[in-house]
Amino acid sequence: MPLRCLDGQTSIHAFDLTPEAWKALADDNRRRRHLVMPCCAAAVTLRTSRRGTQHFAHKVIGACTTAPETEEHLRLKRIAVEVAREHGWEAETEVSHGVHWRADVLATKGDAKVAIEIQWSPQTDEETRRRQARYAAFGVRGLWLMRQRSFACNSALPAARVCFEDGAFQALVPAGCDDQRLDVRDFLGAALAGRLHYGLPLNLPAKIALNVGALFCWKCGAETPILSSVAIVYGPHRYRFSVADFTDRPELFAIVRRQLPEDAGLGILKARFSRTQERSYLSNGCAHCDALIGEFHEHEAWDSERAVASFAIIVDEAWHGMIAARASDGWGVYAEA
């Protein structure tokens, strides 16, 4: 069920027409028979599916090998075109380059070309890599929306799994350990805006939350607040760091310390010697007796923790090194610089 036909050299997309314009075009085509399919130049008929999707079809089934498509496939193609246009790209469906490739959607901006492929039927990783290499040979970047759960994905092959939930298409971006879930429109928009990255990029914004919780001091028995975690959100990555994690990164902890409100009621944050670990490390101290609160026990404060401050950073090389120690390679959508 193609969404595009040709009137001479002019492309017509079915979803660009109102129902009234669609009927007028169908009447005109019955008289003039001037519309043809872009895949094989066969004569066209205009149809509307049971779900109300306007589409074109071959008037007579011939030798064309264009495969039939589901309603979901058609809807995703339309979404891809709409999002591309919203971000300043020219976009068309069902674009072929001879016998070499045929893109579900081809988005063009200046010299840049992106083929958006909606792979609704199963496809082997070998075939995906072959098709991606064919696009690359012609200077076209390929971006894949895959229905299947497992698929090839690497730095040269941006892809996300697509599913339909709660009335909308969702993109599950393989970010490494976990998937990053986005509305498919947001995913496509981010990809076309250059905000989809593989690995851990530098110099982009991240958000930090400073969480304070309470536990009972092992030495004096009093309840004391502690800095229970430093939570960092960077694109698809969400990590919590302890005070001790900053022991070898004093320049970063200085940034954290400046953001702590004076009324948080914390004990002194400083390096203390732990007989258990036989080393000194940056730690919380009891607000009453200054006893070391061991990092092993900080999780006891997680149930009561609350955010007392939040701020934004730019992930420079120092922050990058801290986050990269926890991150695993994958694709992810990040905020704009």
Side-chain angles (χ1 to χ4, degrees), residues 1-98 101-110 112-121 140 143 145 147 162 164 166-171 183-189 191-193:
M1 295 189 289
L3 295 175
R4 184 171 71 98
C5 76
L6 296 176
D7 182 359
Q9 297 299 313
T10 302
S11 290
I12 299 175
H13 284 92
F15 51 78
D16 285 333
L17 303 177
T18 64
E20 295 76 17
W22 183 252
K23 183 179 183 302
L25 181 63
D27 293 341
D28 188 34
N29 187 56
R30 277 193 291 270
R31 290 191 301 270
R32 298 170 54 200
R33 299 180 181 179
H34 61 300
L35 303 179
V36 298
M37 302 295 288
C39 52
C40 61
V44 164
T45 185
L46 285 69
R47 295 178 180 172
T48 302
S49 74
R50 294 179 181 178
R51 298 183 187 178
T53 301
Q54 298 172 173
H55 65 276
F56 301 104
H58 295 75
K59 188 173 182 63
V60 177
I61 298 176
C64 184
T65 58
T66 301
E69 297 170 331
T70 64
E71 291 271 357
E72 292 83 1
H73 197 152
L74 294 179
R75 289 179 62 187
L76 284 165
K77 287 200 294 187
R78 174 176 180 169
I79 288 171
V81 170
E82 291 173 345
V83 172
R85 290 174 177 175
E86 290 168 2
H87 285 78
W89 294 70
E90 296 180 5
E92 290 189 337
T93 62
E94 299 112 23
V95 179
S96 298
H97 186 80
W101 50 261
R102 181 176 184 272
D104 281 330
V105 173
L106 185 68
T108 306
K109 182 188 284 189
K113 294 182 179 180
V114 177
I116 302 172
E117 284 292 342
I118 295 98
Q119 193 59 42
W120 207 248
S121 58
V140 179
L143 176 65
L145 295 177
R147 186 187 184 191
V162 65
F164 189 75
D166 300 325
F169 286 104
Q170 301 290 314
D183 183 274
V184 75
R185 288 180 176 272
D186 294 334
F187 169 72
L188 290 171
L192 293 171

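Residue numbers count from 1 along this sequence.
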Identify the heavy atoms of [X] and [Y] that sit nearest to each other, and give their distance.
X: Ala26; Y: Leu46; result: N-CD2, 3.7 Å
X: Leu6; Y: Ser11; result: CD2-OG, 3.7 Å
X: Lys109; Y: His87; result: NZ-O, 3.0 Å
X: His58; Y: Cys40; result: NE2-SG, 3.4 Å
X: Ala80; Y: Val105; result: CB-CG2, 3.9 Å
X: His34; Y: Asp28; result: CE1-OD2, 3.4 Å

State, yes or no, whether a side-chain contact exists between [X] and [Y] at a heavy-atom distance under 4.5 Å.
X: Arg4; Y: Val95; value: yes
X: Phe187; Y: Leu143; value: yes
X: Glu72; Y: Arg147; value: no
X: Trp89; Y: Val83; value: no
X: Glu82; Y: Arg185; value: yes
X: Cys5; Y: Val36; value: no
X: Leu106; Y: Glu92; value: no
X: Arg85; Y: Asp16; value: yes

Discussion item. Students often mix this up, so state it plainly: with edges at 30° and 60°, are the rings of Trp22 and Phe56 parallel, tilted or perpendicular?
Written reply: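 The arrangement is tilted - the two ring planes meet at 30° to 60°.
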Atom pair [atom1]/[atom2] of [X] and [Y] - distance to nearest 0.5 Å:
X: Asp166; Y: Asp183; atom1: CG; atom2: CG; answer: 11.0 Å
X: Phe169; Y: Ile79; atom1: CZ; atom2: CD1; answer: 5.5 Å
X: Arg75; Y: Thr53; atom1: CZ; atom2: OG1; answer: 7.5 Å
X: His55; Y: Thr93; atom1: NE2; atom2: OG1; answer: 12.5 Å
X: Leu35; Y: Asn29; atom1: CG; atom2: CG; answer: 4.0 Å
X: Asp7; Y: Thr10; atom1: CG; atom2: OG1; answer: 6.0 Å

Worksheet item: Could Lys23 and Asp27 be called an ion pair, given the rule that one side-chain N must be under 4.0 Å from one carboxylate O?
Response: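 Yes, charged N to carboxylate O under 4.0 Å.
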Worksheet item: Do any N or O atoms from the side chain of Gln54 and from the backbone of Leu17 form a donor-acceptor pair under 3.5 angstrom?
Response: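 Side chain of Gln54 to backbone of Leu17, a donor-acceptor pair under 3.5 Å: yes, one is there.
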Discussion item. Just to verify, which of Gln119, Lys77, His73 counts as forming a side chain to side chain donor-acceptor pair (under 3.5 Å) with Asp104?
Written reply: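 Answer after filtering Gln119, Lys77, His73: His73.
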Discussion item. Please check if the number of heavy atoms outside Glu90 that lie under 6.0 Å from its CD is greater than 12.
Written reply: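 Atom CD in Glu90 is not packed in, count stays at 12 or less.
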